[in-house]
Amino acid sequence: MNTVSSDDTISAIATAIGEGGIGIVRLSGGKALAIADKLFIAKSGKQASTFPSHHVVYGKIVDPDSGETVDEVILITMRAPRSYTREDIVEIHCHGGPVPLKRILDLTLTLGARMAEPGEFTKRAFLNGRLDLAQAEAVIDVIRSKTDMSLKVAMGNLSGQLSDKVKALRQQILRMIAQLEAAIDFPEEDIEEAAAADVALLIGQVKSSIDKLLATAQTGRILREGLATVIIGKPNVGKSSLLNALLREKRAIVTDIPGTTRDIIEEYVNIRGVPLKIIDTAGIRETADVVEKIGVERAKELVNQADLILVLLDSSSPLTAEDRGVLELLPGREAIVLINKSDLPSRLDLEEVNHFAKGRKVLKISVVQGDGLEELEQVIVDLAYSGRISQGEAAFVNNVRHADALRQANFRLDEALATIGARMPPDCVVVDLRAAWEKLGEITGDTVGEDIIDQIFTQFCIGK
Ligand SMILES: Nc1nc2c(c(=O)[nH]1)N(C=O)[C@@H](CNc1ccc(C(=O)N[C@@H](CCC(=O)O)C(=O)O)cc1)CN2
Ligand SMILES: Nc1nc2c(ncn2[C@@H]2O[C@H](COP(=O)(O)OP(=O)(O)OP(=O)(O)O)[C@@H](O)[C@H]2O)c(=O)[nH]1
Ligand SMILES: [K+]
Ligand SMILES: [Mg+2]
């Protein structure tokens, strides 16, 4: 049960928690202007509700009960329907400290606003039709974008590039439905058959558009979530040293004692535009130490969820049983085999390594000397995007929910083709087409349940 009403006037701190130059308290709803009138004293003496929309006004926030000045601020009103939420909005730009922000927020609550839920401003923008669901989801992607490329894709989706494509596909499906329904009204068999043949061709076109969108999904997901990359290897091969080198920061503890890393270390790093979620793990070996054992188990689990595995071997010693154990974790996984410590005299049998690598890239590196790291970065970039990123796609599917809906729509279209192939009556084909049309509507939010909508917006931060 939802007890919060969309008629409420909502209020929240819209800027990040902590100290900042400026902080913003944002109000949205029917009472926003009246609340501003009660707590804002403009230098000009004018009431906030009389300000022209989108104008910046200087003044102060005064507690109406005590008459005390709380802060010196700038206030902006944005009037419905020309605002982010399409409701009346008031923004109070105050000094960016937690105390002034909290005091001003509390005043707005005392004067009749309610605390906004996470994502509620953007949810209102969606419910009031300013953004569709895919655009609203792109708002979080913009905020969370990890590289310039991620931001570019998110901004493309925010501006409606994906939504426009999906809407066009839905339009095409509606036209097919209309065509079939028109044919149903004719008693002649051959008119129905001609319509079905026409529609079969059109379905093929829609399907190939969906396939093109789906082809961007892998890259899109990497841009949004980062390429999950796990560094594994026996103790002391230099896993933590490699993490630090890729981060260009002494993040993980490096010592010459095997078993130094016991817990998982996870960091984001931007490698030539590819966002990497890079994970350093405990060295994999048989151990009686309980803490280390748990670390080893978790490392093995992570391997199964990774997009890319960086396997480290030690150039200065022959392949051990531990190394073979590590290499056995690889089958079916994307991996790069790295022969580290290549600054030391080599005692590793390259032929044996190549045998285990099974055609995967094998690179010699020395983390301490910085050798081979540039080449490693290039190999990672090539693997991540397989050259697809530079094509400058207009619309990107960067979201698992969207990719799922596209796949299911495609499946429905396949069923429609099968129905036509089986010479079933046109109204059966219409049922399949309608199902595909609805699936695509889940992306833009036209045909999606309230539970999914709620689930999406609760992922937002408060004040967004
Ligand atoms: N101070 C501030 N900065 C912000 C936002 C905000 O709400 N406040 N944003 C939000 O999160 C983003 C900008 N997005 C916005 C989107 C629409 C409107 C808006 O007022 N739209 C009217 C414009 C009418 C017009 O002038 O033509 C509209 O769409 O009708 C404002 C901000 C990022 N920066
Ligand atoms: N000579 C040489 N030593 C290296 C190289 N890379 C790392 N080392 C050294 O190897 C030792 C172990 O490095 P770590 O990065 O702690 O190795 P690890 O794989 O994280 O070890 P555990 O966490 O204990 O499993 C340290 O003394 C490093 O300085 C390299 O390229 N050449
Ligand atoms: K170590
Ligand atoms: Mg380590």
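When a residue number appears, it is its place in the shown sequence, counting from 1. Everything numeric here is computed off the predicted structure, so don't read it as measured data. Start at 1 and go down the list; that is how both ligands and their atoms are numbered.
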*Is the backbone of Q455 close enough, under 3.5 Å, to the side chain of T458 for a donor and an acceptor to pair up by distance?*
yes

*Judged by non-hydrogen atoms, does R86 sit under 4.0 Å from ligand 1?*
no

*Report, in ascending order of atom number, the atoms of ligand 1 lying under 4.0 Å from any heavy atom of M78.*
20 (O)

*asked:* At a threshold of 2.8 Å, where the distance has to be below it, does the Mg ion (ligand 4) have an N, O or S atom of T260 nearby?
replied: no

*Cation over ring, R26 on F121, under 6.0 Å and within 45°?*
yes

*Where is the nearest protein heavy atom to atom 15 (C) of ligand 1: which residue, which atom, and how far?*
Y84 CD1, 4.0 Å

*For the Mg ion (ligand 4), does an N/O/S atom of T261 lie at less than 2.8 Å?*
yes

_Consider side chain to side chain contact (heavy atoms under 4.5 Å, CB included). Of E137, R221, E225, which one does N399 pass it with?_
E137

*Any luck finding a side-chain donor-acceptor pair between S44 and Y58 under 3.5 Å?*
no

*Give the numbers and elements of all ligand 1 atoms closer than 4.0 Å to a heavy atom of K464.*
10 (C), 11 (O)

*Using a distance threshold of 4.0 Å (strictly less than), state whether atom 26 (O) of ligand 1 has a protein heavy-atom neighbour.*
yes

*Per-atom contacts of ligand 1 with E91, taking only distances under 4.0 Å to non-hydrogen atoms*: 1 (N), 2 (C), 6 (C), 7 (O), 8 (N)

*Just by modelled atom types, is the G29 backbone N or O under 3.5 Å from a matching donor or acceptor in the D8 side chain?*
no

*Just to confirm, does any protein heavy atom lie below 4.0 Å from atom 19 (C) of ligand 1?*
yes

*Taking the side chain as every heavy atom from C-beta outward, state whether R251 and I265 have any atom pair closer than 4.5 Å.*
yes

*Distance-only, no hydrogens or angles: does the T85 side chain make a donor-acceptor pair with backbone N or O of E87 under 3.5 Å?*
yes

_Under 3.4 Å from the K ion (ligand 3), is there any N, O or S atom belonging to T261?_
no

*Does the protein place any heavy atom closer than 4.0 Å to atom 5 (C) of ligand 1?*
no

*asked:* Could you check whether K123 makes a cation-pi contact with F460, meaning its NZ or CZ is under 6.0 Å from the centre of the six-membered ring and within 45° of the ring axis?
replied: no

_Strictly inside 4.0 angstrom of atom 29 (O) of ligand 1, do you find any protein heavy atom?_
yes

_Let me check your reading of the structure: within less than 3.4 Å of the K ion (ligand 3), is there an N/O/S atom from N236?_
yes

*Heavy atom of the protein closest to atom 7 (O) of ligand 1 (residue, atom name, distance)*: R26 NH1, 2.8 Å

*Cation over ring face, K146 and Y268, 6.0 Å, 45°*: yes

*Hey, is atom 12 (C) of ligand 1 touched by any protein heavy atom at less than 4.0 Å?*
no

*4.0 Å protein heavy-atom contact status of atom 33 (C) of ligand 1, strictly under*: no

_Heteroatom N/O/S of I257 within less than 3.4 Å of the K ion (ligand 3)_ = yes

*Minimum-distance pair of heavy atoms, taken over all atoms of S49 and L33*: CB-CB, 4.1 Å

*Begin with the C-alpha distance, continue with both residues' side-chain angles, and end with the deciding distance and a verdict on side chain to side chain donor-acceptor pair (under 3.5 Å) for T255 and T260.*
CA-CA 7 Å; T255 76; T260 301; 2.7 Å; yes

